Amino acid sequence: MNTNQNKVVEFEDLGIKDYQPSWDYQEKLMKNIIDTKIKNRDLPAEQHVTTPNHFLLVEHPHVYTLGKSGHEENMLAGLDKLKEIDATFVKVNRGGDITYHGYGQIVGYPILDLENFFTDIHLYMRNLEEVIIRTIAEYGLKGERSKGETGVWLDVGKPYARKICAMGVKASRWVTLHGFALNVNTDMRYFEYIIPCGIKDKQVTSIKRELERELTPEEMKDIKAKITKHFTDVFEAELVSKSSILL
């Protein structure tokens, strides 16, 4: 356990950014944290350097990502169809199966040293779900957990249960990578080309679909603000904009 816990989280809104450079950036941040932890092992406790934490929000252009335990047959579109719909396909090192990222979807990537918080991956996933549950509750939507199915769902246990937020993470030396994808103004037609998360008998939805209206750019900003507030509360963290940090 880190005896010098740091609960300050550096926050960045990356705007619209392609998937691969966003993943590369996550990996760079993760490596920096792990390198610091490795150096600390050879130092007396009083000389340990605190490890940083990061939280990124981003929207990606159309892309399908397949987790390391996923099944490629859940990608229903071939190369020609992907080109037609202007989408790409990437195999990634997170858990989970296949999912879609695209415009109007808010993707969150916490790169945290969990030794700054708690060393429990199960609790970490439940906390991420709680952040989204609290966020969508402010729009009158009752988010729920579905046993054995990570993410945030609506109407669990009913024939029309549907997922509004997918999640998939990786952790190495208690440092997290990847995160969640909340459907806000997402074009849901893109989910027709996959079996989302490998689950055949349930649907996906978005805030737009549930509210039956498109959210304005101002409302999109507001959702991001709500996510960061609830993230701060749930993780008992202090969020600071990266631009305000002296590097």
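Computed from a prediction, not measured in an experiment: that's the story for all the values here.
Looking at heavy atoms from C-beta onward, Thr186 lies in side-chain contact with Tyr100 at the 4.5 angstrom threshold. Residues Gln26 and Lys170 fail the side-chain proximity criterion, which asks for heavy atoms closer than 4.5 Å. Side-chain atoms of Ile136 and Leu182, non-hydrogen and from C-beta on, do get closer than 4.5 Å to each other. Side-chain contact check for Gln5 versus Phe117: every heavy-atom pair is 4.5 Å or farther apart. Counting only heavy atoms from C-beta outward, the side chains of Tyr124 and Leu114 approach each other to under 4.5 Å. Contact of the Asp18 side chain with the Gln20 side chain is not registered, since no non-hydrogen atoms from C-beta on lie closer than 4.5 Å. Residues Asp155 and Arg162 form a side-chain contact, since some pair of their non-hydrogen atoms from C-beta on lies under 4.5 Å apart.
In this structure, His60 and Tyr109 have tilted ring planes: the angle between them lies in the 30° to 60° band. Using cut-offs of 30° and 60° on the angle between ring planes, the pair Phe180 and Phe55 is tilted. Between Tyr190 and Tyr64, the two ring planes are tilted [angle within 30° to 60°].
Between Met167 and Ile132, the closest heavy-atom pair is CE-CG1, 3.9 Å. Here the closest heavy-atom approach between residue Phe89 and residue Met75 is recorded as CD1-SD, 3.8 Å. In this structure, Gly179 and Pro110 approach most closely via the heavy-atom pair CA-CD, 4.1 Å. Taking every heavy atom of both residues into account, Ile34 and Val175 meet most closely at CG1-CG2, 3.9 Å. For the residue pair Val9 and Ala237, the shortest heavy atom distance occurs at CG2-CB, 3.9 Å. The shortest non-hydrogen separation linking Leu128 to Val169 is CD1-CG1, 4.2 Å.
With respect to the salt-bridge test (charged N to carboxylate O, under 4.0 angstrom), the residues Lys7 and Glu238 do not qualify. A salt bridge does not link Lys229 with Glu138: none of the charged nitrogens is closer than 4.0 Å to a carboxylate oxygen. Salt bridge present: Arg126 and Glu129 bring a charged side-chain N and a carboxylate O closer than 4.0 Å. A salt bridge does not link Asp24 to Lys28: none of the charged side-chain nitrogens sits closer than 4.0 Å to a carboxylate oxygen. Ion pairing between a basic and an acidic side chain is recognised when a charged N comes within 4.0 Å of a carboxylate O; Glu149 and Lys163 show no such pairing. Taking a cutoff of 4.0 Å between a charged side-chain nitrogen and a carboxylate oxygen, Arg134 and Glu130 qualify as a salt bridge. Lys142 has no carboxylate O lying under 4.0 Å from a charged side-chain N of Glu210, or vice versa, which leaves the two without a salt bridge.
Interatomic distance, Ile164 CD1 to Ile133 CD1, rounded to the nearest 0.5 Å: 11.0 Å. Atoms OG1 and CG, from Thr228 and Leu57 in turn, are 7.0 Å apart once rounded to the nearest 0.5 Å. To the nearest 0.5 angstrom, Asp113 atom CG is 11.0 Å from Asn32 atom CG.
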Where do His178 and Asn93 land on the side-chain contact (heavy atoms from CB on, under 4.5 Å) test, with the steps shown first? CA-CA 9 Å; His178 302 293; Asn93 59 353; 2.7 Å; yes
Just do the side-chain contact (heavy atoms from CB on, under 4.5 Å) check on Thr51 and Asn6 with the steps written out, would you? CA-CA 7 Å; Thr51 51; Asn6 172 32; 5.6 Å; no
Go through the steps for Tyr25 and Glu12 under the test side chain to side chain donor-acceptor pair (under 3.5 Å), then give the verdict. CA-CA 12 Å; Tyr25 184 44; Glu12 289 182 82; 2.5 Å; yes
Verdict with reasoning, Val8 to Thr50, per side-chain contact (heavy atoms from CB on, under 4.5 Å): CA-CA 10 Å; Val8 174; Thr50 56; over 6 Å; no
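Within a 6.0 Å radius of CD in Glu218, no more than 12 heavy atoms belonging to other residues, nucleotides or ligands are found. No more than 12 heavy atoms of other residues, nucleotides or ligands sit less than 6.0 Å from atom CG of Leu79. Summarising the local packing, NZ of Lys31 is surrounded by 12 or fewer heavy atoms from other residues, nucleotides or ligands at distances under 6.0 Å. More than 12 heavy-atom neighbours from other residues, nucleotides or ligands sit within 6.0 angstrom of CD on Glu73.
Between the side chain of Glu10 and the backbone N or O of His54 there is no donor-acceptor pair closer than 3.5 Å. In terms of modelled atom types and a separation under 3.5 Å, the side chain of Asn185 and the main chain of Glu214 share no donor-acceptor contact. Judged by distance alone, with hydrogens and angles left aside, the side-chain atoms of Asp97 form a donor-acceptor pair with the main-chain N or O of His71 at under 3.5 Å.
In summary, of the residues considered (Leu66, Thr176, Thr99), a side-chain contact (heavy atoms from CB on, under 4.5 Å) with Arg94 occurs for Thr99 alone. With Thr36 as reference, Asn40 is the one residue of Asn40, Ile38, Ile33 to meet the side-chain contact (heavy atoms from CB on, under 4.5 Å) rule.
Val107 and Val152 sit in two unconnected hydrophobic clusters of ILVMFWY residues. Membership requires side-chain heavy atoms under 4.5 Å apart, directly or through other members. In this structure, Leu154 is a member of the same hydrophobic cluster as Val184, with clusters built from ILVMFWY side-chain heavy atoms closer than 4.5 Å. Each of Val58 and Ile223 belongs to its own hydrophobic cluster when Ile, Leu, Val, Met, Phe, Trp and Tyr are linked at side-chain heavy-atom distances under 4.5 angstrom.
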